[in-house]
Amino acid sequence: MNREKLVVTIVGCGSTRTPALIGSLVNYKDSFPLKKLILFDISKERIDAQKDYIRLVMEKHCPEVELLFTDDENKAYIDTDYVFCQMRAGNFEMRSHDEKIPLKYGLVGQETCGPGGFAYGMRSIMPMINMVKKIREYAPEAWILNYTNPAAIVAVALDKVFPEDKKILNICDQPYSMIKSFAKILDVDMYDIEPRYFGLNHFGWFTKLYHTPTKEDLLPKLKDYLTNHEFKPFNAEQRDPSWLETYKNVNKMMAHFPEYLPNTYLQYYFFPDEIAKESNPEFTRADEAKKGREKQVLDICRQAREQNSLEGLPLLIGEVHGNMMVEVAESIAYDLRKVFVVMVRNQGIIPNLPADAIVECAGELTKNGAEAYPYGEVDTFYKGLLENQYAYEKLTVEACLENNYQKAIQALTLNRTVVNPNHAKAVLDDLMEANSKYWKLK
Ligand SMILES: NC(=O)c1ccc[n+]([C@@H]2O[C@H](COP(=O)([O-])OP(=O)(O)OC[C@H]3O[C@@H](n4cnc5c(N)ncnc54)[C@H](O)[C@@H]3O)[C@@H](O)[C@H]2O)c1
Ligand SMILES: O=P(O)(O)OC[C@H]1O[C@H](O[C@H]2[C@H](O)[C@@H](O)[C@@H](O)O[C@@H]2CO)[C@H](O)[C@@H](O)[C@@H]1O
Ligand SMILES: [Mn+2]
């Protein structure tokens, strides 16, 4: 395969998902060949923590690829073709506040949903806007593939600020991860499943699962299986308890609404009280991820640095996040028209939802970006849920861009995990205090 070699920049390379992303780039080096890999982060400390492992892996598997590690945003985007963006404004320290503060008020504490997702969105919007501006200074034609969360809020903000920039694609790996889990249950190849899907990011439903070799819709068969089997992720043996609980709640949601298969994130919007009550305010997902993935990856990187070799160390591969990032870029780079659940401006894909909503639906990734399949109108139940959630997203972005406290109260009051304006005010004031370094509303 003789494909043009590319320059890729990873923003937020200090992410503990980066070593596995490097493994995915190695995995796909023939079909997504690199000329240069630029690894950028604002924290030199976090770059240095993983640099040796990454360098050793690339020297072993892709010695021809030029590597640049930098904390200088004026070096990060020179001649780049693809920007993989995975920053976390405020790091896990602020994620922990996002997840713990709402629990003080009996509200869901979560990374991307509810008041935690609101606060995270308020922190992420300006750094993401500044990043796009900086990229466009150096690489006006580069594709910006954004994974930074909360993707729903970030996507609405970037679309509002850069409406004419056609080379920004926001992406979520949860549908991809769920399809991988469906494939294991159905005993088919995940790449033979072509989904149909509708909703917003972290707030959507699978409606069809076409098996491309037979054209059969496998969703009825999967739903039948899930009536008497717990839904488990494909990699259940490696997942932390909170994720297993999350996947199990899909069964619970389908008991009420059996028509479509819900994204796991809908659990927070249908069962907010139960989930808040079952949460441990001393040990939330941020703590679980630090104890799990973060510790495992940093230990491997530390050993590589100390021994200056990969001896006895695994080649980490991103079975979901990393592989998907590369497959998305590959499909765009070489116009492969691969089908993903993508985030696009609605504009009639779902005619009875706001045209400016950023919806999640199935589509093909081409050299011009996502070509979404028209979905059609959604029924009243879903329309009510989605219009309410999009109004929350839109008001959150406006509150941030206008520093508007009242719009923040409206956004949180609309959010299905909050509802009561007394709770909205209490949690907003507490989150604003904790986030005073990042955002302030008047
Ligand atoms: N879209 C999806 O489905 C999906 C999937 C997985 C992770 N994520 C998101 O990816 C991001 C990374 O999460 P993680 O846990 O892998 O990473 P992490 O929290 O381990 O590290 C994030 C890195 O971002 C860096 N950073 C912060 N602000 C930055 C800025 N302005 N410019 C450059 N770098 C900056 C930090 O220094 C840190 O090294 C988060 O936003 C997370 O929610 C999204
Ligand atoms: O709690 P974390 O930090 O482990 O993951 C939060 C992210 O969860 C989703 O992505 C998951 C995916 O759903 C899961 O199955 C597994 O493969 O890891 C993925 C992340 O690499 C969600 O889509 C993201 O938005 C969250 O940030
Ligand atoms: Mn996601």
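Start at 1 and go down the list; that is how both ligands and their atoms are numbered.
Neither the backbone nor the side chain of Glu288 has any atom closer than 4.0 Å to an atom of ligand 2 (non-hydrogen atoms only). Heavy atoms of Arg95 found under 4.0 angstrom from ligand 2 belong exclusively to the side chain. With a heavy-atom cut-off of 4.0 Å, Trp243 touches ligand 2 through its side chain alone. When heavy-atom distances to ligand 2 are checked against a 4.0 Å cut-off, Arg17 comes that close only through its side chain, counted from C-beta outward. At a heavy-atom cutoff of 4.0 Å, ligand 2 is contacted by no atom of Tyr120, backbone or side chain. Under 4.0 Å from ligand 2, the heavy atoms of Arg285 that appear belong solely to its side chain. Within the 4.0 Å heavy-atom criterion, neither part of Met178 lies near ligand 2.
Residue His202 has no N or O atom closer than 3.5 Å to an N or O atom of ligand 1. For ligand 1, the polar-atom distance check finds an N/O of Asp41 within less than 3.5 Å of one of the ligand's N/O atoms. The shortest N/O to N/O separation between Arg17 and ligand 1 falls below 3.5 Å.
At least one heavy atom of Glu111 sits closer than 4.0 Å to an atom of ligand 1. Assignment of Pro233 to the shell around ligand 2 is not supported, since no heavy atom sits closer than 4.0 Å. Ligand 1 does not have Arg95 within reach: every non-hydrogen atom of the residue lies 4.0 Å or more from it. Residue contact check for ligand 2: Tyr247 places a non-hydrogen atom closer than 4.0 Å to it. Using 4.0 Å as the threshold, Tyr176 has no heavy atom nearer than that to any atom of ligand 2. For Arg239, the closest heavy-atom approach to ligand 2 falls below 4.0 Å.
A salt bridge links Glu402 with Lys407: the distance from a Lys NZ or Arg NE/NH1/NH2 to an Asp or Glu carboxylate oxygen falls below 4.0 Å. A salt bridge is absent between Asp240 and Arg293: the closest approach of a Lys/Arg side-chain nitrogen to an acidic carboxylate oxygen does not fall below 4.0 angstrom. A salt bridge is absent between Arg46 and Asp41; no separation between the charged side-chain nitrogens and carboxylate oxygens falls under 4.0 Å. Looking at Glu137 and Lys134, a side-chain N of the basic residue comes within less than 4.0 Å of a carboxylate O on the acidic one, giving a salt bridge. Looking at Arg285 and Glu111, no side-chain N of the basic residue comes within less than 4.0 Å of a carboxylate O on the acidic one, giving no salt bridge. Note on Asp287 versus Lys291: no salt bridge recorded, every NZ/NE/NH1/NH2 to OD/OE distance being 4.0 Å or above. In this structure, Lys44 pairs ionically with Asp48, as a charged nitrogen and a carboxylate oxygen lie closer than 4.0 Å. Here Arg196 pairs with Glu194 in a salt bridge; the nearest charged N to carboxylate O distance falls below 4.0 Å.
Using a 4.0 Å cut-off to heavy atoms of Thr16, the atoms of ligand 1 that qualify are 20 (O). The Val320 neighbourhood of ligand 2 comprises atoms 17 (O), with distances under 4.0 Å to a heavy atom of that residue. Residue Cys172 has at least one heavy-atom neighbour below 4.0 Å for each of these atoms of ligand 2: 23 (O). Below 4.0 Å from some heavy atom of His321 lie the following atoms of ligand 2, by number and element: 21 (O). Set against the non-hydrogen atoms of Asn149, the atoms of ligand 2 under 4.0 Å away are 24 (C), 25 (O), 26 (C), 27 (O).
In this structure, atom 6 (C) of ligand 2 lies nearest to the protein heavy atom Glu111 OE1, 3.5 Å. In terms of protein heavy-atom proximity, atom 22 (C) of ligand 2 is closest to Tyr265 OH, 3.3 Å. Regarding atom 5 (C) of ligand 1, its nearest protein heavy-atom neighbour is Asp173 OD2, 3.4 Å. Scanning all protein heavy atoms for the shortest distance to atom 13 (O) of ligand 2 gives Gln174 OE1, 1.9 Å. Among all protein heavy atoms, the one lying closest to atom 33 (C) of ligand 1 is Val11 CG1, 3.7 Å. Nearest protein heavy-atom contact of atom 36 (C) of ligand 1 is Asn91 OD1, 3.2 Å. Of the protein's non-hydrogen atoms, Ser15 OG, 2.7 Å is the one closest to atom 16 (O) of ligand 1. At the shortest separation from atom 11 (C) of ligand 1 among protein heavy atoms lies Met87 O, 3.2 Å. Distance from atom 20 (O) of ligand 1 to its nearest protein heavy atom, with residue and atom name: Arg46 NH2, 3.0 Å. Among protein heavy atoms, the minimum distance from atom 32 (N) of ligand 1 is reached at Ile42 CG2, 3.6 Å.
Nearest to atom 27 (C) of ligand 1 by heavy atom, out of Glu294, His321, Arg88, is Arg88. The closest non-hydrogen atom to atom 40 (C) of ligand 1, taken over Tyr176, Phe84, Tyr120, Tyr147, comes from Tyr120. The closest heavy-atom contact to atom 11 (C) of ligand 2, among the options Asp173, Thr264, Thr246, comes from Asp173. With atom 1 (N) of ligand 1 as the reference point, the heavy atom nearest to it among Asn149, Ile47, Ile171 is part of Ile171.
Using cut-offs of 30° and 60° for the angle between ring planes, the Phe231 and Tyr247 rings count as tilted. Using the six-membered ring where Trp is involved, Phe198 and Tyr375 have ring planes that are tilted, between 30° and 60° apart. Ring orientation note: the planes of Phe206 and Tyr197 are nearly perpendicular, at an angle over 60° on the 30°/60° scale. Relative orientation of the Tyr260 and Tyr382 rings is tilted, given thresholds of 30° and 60° on the angle between their planes. Using bins of under 30°, 30° to 60° and over 60° for the plane-to-plane angle, the ring pair His229/Tyr225 lands in the parallel bin.
Two rings, from Phe203 and Tyr265, have their centers 6.0 Å or more apart.
The shortest distance between side-chain heavy atoms of Met131 and Met87 falls below 4.5 Å. Under the 4.5 Å side-chain criterion, counting only non-hydrogen atoms from C-beta, Leu56 is not in contact with Leu313. In this structure, the side chains of Leu37 and Leu39 come closer than 4.5 Å at one or more pairs of heavy atoms.
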Original post:
How far apart are the C-alpha atoms of Tyr147 and Phe84, what are their side-chain angles, what is the distance that settles it, and do they pass the ring pair (Phe, Tyr, Trp, His ring centres under 6.0 Å) test?
Top reply: CA-CA 7 Å; Tyr147 282 74; Phe84 292 2; 7.7 Å; no

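Figure legend: Lys184 and Phe234 shown without cation-pi pairing, the cationic atom not lying both under 6.0 angstrom from the six-membered ring centre and within 45 degrees of its axis.
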